Structure formats: C-alpha cells, structure tokens
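So the structure is just underneath, and the comments pick up after that.
Residues: numbered from 1 along the sequence shown. Note that this is a predicted model, so its numbers are computed, not measured.
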Amino acid sequence: MDTSSLKQQFVSELAGAASEAELRALRDKYLARKGGLVSTLLKDVASASADVRPALGREANELKQHIDTALTERLAQAAARKPAADAIDVTLAGRTPLVGHRHPLTLLRERIESFFLRQGFLIVEGPELEDDYHNFEALNMPAEHPARDMQDTLYLATPVASAAGGRPATLLRTHTSGMQVRYMEKYPPPVRLIAPGRVYRRDNLDLTHTPMFTQVEGLVVGEDVTLADLKGTLEAFAHDVFGPERKTRFRPSFFPYTEPSGELDISCANCGGTGRAPVDQRAAERPQRSEGAGCPMCKHTGWVEVLGSGMVHPAVFEAVGYDPERYSGFAFGVGIERLALLKWGVEDIRLFYENDLRFLEQFPL
C-alpha cells in the first residue's frame with residue numbers, strides 16, 4: 001500500500017474513532033514498532049531501489065509525523081473532556097433510598113392485636129417491674145410453688161416503690177398475667193382483654209430460649225363462659241396466624257391459675273402433620289429413608305405446641321373479689337417469638353435480636 005492510500009485510510013478511521021480507547025488502538029495499528037502499518041512501510045522503503053528510496057522515505061516519515069500529530073491532538077482533546085475522578089454526574093439517576101420498616105416481631109404483634117381487637121378484646125399494658133402478689137399469689141401460686149424458684153424468676157436486689165402507691169415491686173414479671181389481676185381488681189365483669197408486653201425469665205440464650213421475650217396473655221370473664229368458647233377463640237386465632245389449612249388440637253395440661261387446663265397444638269408445616277421426614281426431591285435418586293425416620297420439627301408426632309390455656313381457677317376469682325359461683329372465664333398465654341419461629345420457619349430465636357439486615361429484610365412490610 002502506498003503512502004497516499006494509507007493516509008486516506010487513516011483519515012477515514014480517525015474520523016470514526018470516538019473514545020480514548022479507540023484512539024489508542026488506532027495508534028497501535030499504525031505506529032506500533034512491531035506490526036504497525038507505518039513501521040512496515042518504512043521497512044519496505046529500505047528494500048526499494050536506490051533511485052526512488054529517498055522520495056519514498058520522505059513520504060513515509062511525513063505520513064508517520066502526520067499520524068502521530070493527529071492522534072496526539074485527538075487524545076489531548078479526549079483527556080480534556082474526561083471528567084475528574086471526583087466529579088459528580090448530575091444527569092445520573094439518584095440512588096434508591098433504603099426504606100426501613102417494622103421489625104418482624106412488631107409485625108406479628110400488630111397482627112395478633114388486630115385479630116383480638118376485631119373480636120372485641122381490650123388491649124391493656126402494665127409495669128414490667130411487678131410485686132410478688134400480682135405476679136404469683138393472686139394467680140394461685142403460693143410461696144412454695146416451683147414457678148417462684150430463683151432459677152425461673154429474676155428478683156430485684158432492692159424493692160422499688162410503686163408509682164401507684166401499692167405494693168413495692170420485687171421482681172421482673174415472668175408473665176403479663178399480673179395485668180389480668182390488676183384489671184379485675186379495678187373493673188367488674190364482663191372482661192375481655194389481652195395483655196401484651198415484655199417478660200423476663202432466668203433462661204440462657206440459645207436456639208429457642210431468651211431471658212427476655214414478648215408475651216400476649218388473654219382473659220375472658222363473664223356469665224356462662226365455657227371451654228367451648230375458649231376452643232373456638234383459639235382455633236380462630238391459630239387459623240388467622242398460620243392459615244386455615246392448619247389443623248388444631250387441644251391436649252390436657254396443668255397450670256396453677258386455670259382448671260381445667262390445656263395446650264393448643266397445630267399440625268406441623270414441615271411434614272404436613274404426618275410425623276414423617278419430608279421427602280427430599282433433590283435426593284430422589286438416592287436410597288429412600290428408612291421407615292423409622294421422622295420429622296425433627298414435631299419430633300415425629302405431626303403436631304407442634306403453640307400456647308397454654310384453660311378455664312380460670314376459682315381461687316383467682318376469689319383473690320380479685322369475683323363470685324366464682326356466678327362468673328366463669330378462660331385465659332391463655334403465648335410467646336410472640338415462639339409464634340414467629342413457627343410461622344416463618346426460623347430455627348434460631350437469636351436472629352430476631354441481632355439486627356442483621358440480611359435477615360430482617362426478608363419479612364414483608
């Protein structure tokens with residue numbers, strides 16, 4: 001290729017080069033020492049005949065100088081247009097701001113409160129520092145009862161005077177049942193309330209236990225309140241939280257402030273209530289599990305415990321001045337953290353308190 005044709009080719013390609021990278025690629029194409037078009041042309045000049053060699057050499061050097069000058073000028077223009085390293089491009093779209101939302105335990109508490117508000121329940125809250133009488137004695141738990149053992153209860157080093165002028169507080173409440181007693185002391189039947197709030201136990205922090213958790217306790221008192229009312233209320237509550245497809249059952253149990261007492265179970269979501277280990281579809285080609293293998297979540301039973309409940313013990317009515325011959329009622333208590341573990345399949349209760357955004361952002365607004 002002669003110098004004239006090579007120059008026309010360069011001018012054409014230079015006009016189409018827009019970016020700094022394209023200009024540098026063009027420099028390599030024409031001026032690289034090895035393989036560059038101009039460098040190759042200069043080597044051809046050396047092998048030309050003596051009579052034409054001077055003219056060809058002059059034209060080749062002029063072309064090289066022209067290409068180098070043109071590329072240097074264009075690269076300088078490209079560098080001038082390049083924004084500074086700390087420059088801000090105001091034409092770019094703004095970053096989407098992170099939107100905070102309520103904690104999953106708060107979401108679940110609001111859902112529970114919403115359900116019971118629709119059922120006509122009143123929401124009451126009370127002190128977390130409680131006295132011995134409202135936390136134990138009025139709930140039919142005498143001094144020797146195991147629930148009052150130091151292993152379960154966090155007692156205060158020094159009693160704290162009550163703001164209302166009543167008995168001094170001596171412990172961190174172990175449940176919110178004290179608010180049920182306080183309400184009944186102040187108001188006559190009928191009663192229909194729930195008492196949500198933080199409670200405290202002498203528990204070590206592990207997968208399913210924490211020394212501080214949130215509890216919701218409910219109380220209904222009136223004439224002709226029956227065990228059927230309790231079962232219907234809790235069944236509707238379980239279906240609202242976990243879905244209508246979940247089965248429920250009641251098991252006999254014991255609590256000092258209710259008689260008879262029972263615990264509510266729901267069918268296990270992990271195994272569908274069968275008690276058998278869920279089938280691993282990804283391991284279908286491997287040998288099947290033995291017949292004795294069972295679901296670890298429900299311990300092979302097909303049922304998972306949700307809450308405790310029962311009919312209010314007559315001794316509790318006597319402590320607050322209600323006539324146990326005229327009035328009857330039911331009570332129940334459930335930990336919100338336990339409901340959250342069951343509802344969302346979370347295996348470690350500590351995740352709710354570690355404030356890891358990767359975990360918290362998985363829950364709906």
Criterion side chain to side chain contact (heavy atoms under 4.5 Å, CB included) on L75 and E20, from CA distance to verdict: CA-CA 6 Å; L75 284 169; E20 183 177 351; 4.0 Å; yes

Check: [Y] main-chain N/O paired with [X] side-chain donor or acceptor under 3.5 Å:
{"X": "R192", "Y": "Q119", "value": "yes"}
{"X": "Q362", "Y": "R358", "value": "yes"}
{"X": "N140", "Y": "V316", "value": "no"}
{"X": "T153", "Y": "Y155", "value": "no"}
{"X": "S19", "Y": "E22", "value": "yes"}
{"X": "T233", "Y": "D229", "value": "yes"}
{"X": "K343", "Y": "V241", "value": "yes"}
{"X": "S328", "Y": "V225", "value": "yes"}
{"X": "R111", "Y": "D240", "value": "yes"}

When the ring planes of [X] and [Y] are compared, do they come out parallel, tilted or perpendicular, using 30° and 60° as the limits?
{"X": "F136", "Y": "H175", "answer": "perpendicular"}
{"X": "Y322", "Y": "Y327", "answer": "tilted"}
{"X": "Y257", "Y": "F255", "answer": "parallel"}

Is there a side-chain contact between [X] and [Y] (heavy atoms, below 4.5 Å)?
{"X": "L129", "Y": "L172", "value": "yes"}
{"X": "H103", "Y": "F363", "value": "no"}
{"X": "I112", "Y": "L108", "value": "yes"}
{"X": "P196", "Y": "I123", "value": "yes"}
{"X": "F330", "Y": "S309", "value": "no"}
{"X": "L14", "Y": "L71", "value": "yes"}
{"X": "D152", "Y": "T174", "value": "no"}

Charged N to carboxylate O below 4.0 Å: is that the case for R167 and D132?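 No salt bridge links R167 with D132.
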
Intermediate values then yes/no, side chain to side chain contact (heavy atoms under 4.5 Å, CB included), M311 and L227: CA-CA 7 Å; M311 301 302 292; L227 187 63; 4.0 Å; yes

Minimum heavy-atom separation for [X] and [Y], please, with both atom names.
{"X": "M179", "Y": "A195", "value": "CB-CB, 4.0 Å"}
{"X": "P256", "Y": "H313", "value": "O-CD2, 3.9 Å"}
{"X": "A138", "Y": "V181", "value": "CB-CG1, 3.7 Å"}
{"X": "D131", "Y": "P168", "value": "CB-O, 3.4 Å"}

Applying ring pair (Phe, Tyr, Trp, His ring centres under 6.0 Å) as the test, list every pair that has at least one member in residues 17-71; sequence neighbours left out.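 For residues 17-71, and leaving out neighbouring residues, the ring pair (Phe, Tyr, Trp, His ring centres under 6.0 Å) pairs sorted by first residue read F10-Y30.
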
Out of curiosity, does F359 fall in the hydrophobic cluster containing L339 (side-chain heavy atoms, cut-off under 4.5 Å, transitive links)?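 As far as the 4.5 Å side-chain criterion goes, F359 and L339 are connected within one cluster.
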
Dump the intermediate steps for salt bridge (charged side-chain N to carboxylate O under 4.0 Å, His left out) on D68 and R27, then the final yes or no. CA-CA 8 Å; D68 184 59; R27 177 187 287 275; 3.0 Å; yes

Please round to the nearest 0.5 Å and tell me the distance separating atom OG of S177 and atom CZ of F332.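 Those atoms lie 11.0 Å apart.
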
Test side-chain hydrogen bond (donor to acceptor under 3.5 Å, both in side chains) applied to Y353 and E337, step by step: CA-CA 10 Å; Y353 299 103; E337 285 82 354; 2.4 Å; yes

Would you say Q65 has more than 12 foreign heavy atoms packed within less than 6.0 Å of its CD?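 No, the 6.0 Å shell around CD holds no more than 12 heavy atoms from other groups.
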
Positive for side chain to side chain contact (heavy atoms under 4.5 Å, CB included) with F213, one of I349, L105, V199: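 For F213, the side chain to side chain contact (heavy atoms under 4.5 Å, CB included) test succeeds with only one of I349, L105, V199, which is V199.
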
Decide yes or no on side chain to side chain contact (heavy atoms under 4.5 Å, CB included) for R249 and W303, but give the supporting numbers first. CA-CA 9 Å; R249 76 172 185 182; W303 298 94; 3.3 Å; yes

R350 vs L207, side chain to side chain contact (heavy atoms under 4.5 Å, CB included): CA-CA, chis, key distance, verdict: CA-CA 7 Å; R350 292 170 292 190; L207 291 176; 3.4 Å; yes

Of the options R182, R109, R198, R173, which is the one that meets E125 in a salt bridge (charged side-chain N to carboxylate O under 4.0 Å, His left out)?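 The passing option is R109.
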
Taking the ring of F115 and the ring of F121, is the distance between their centroids below 6.0 Å?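 Judged by ring-centre distance (under 6.0 Å), F121 and F115 do not meet the cut-off.
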
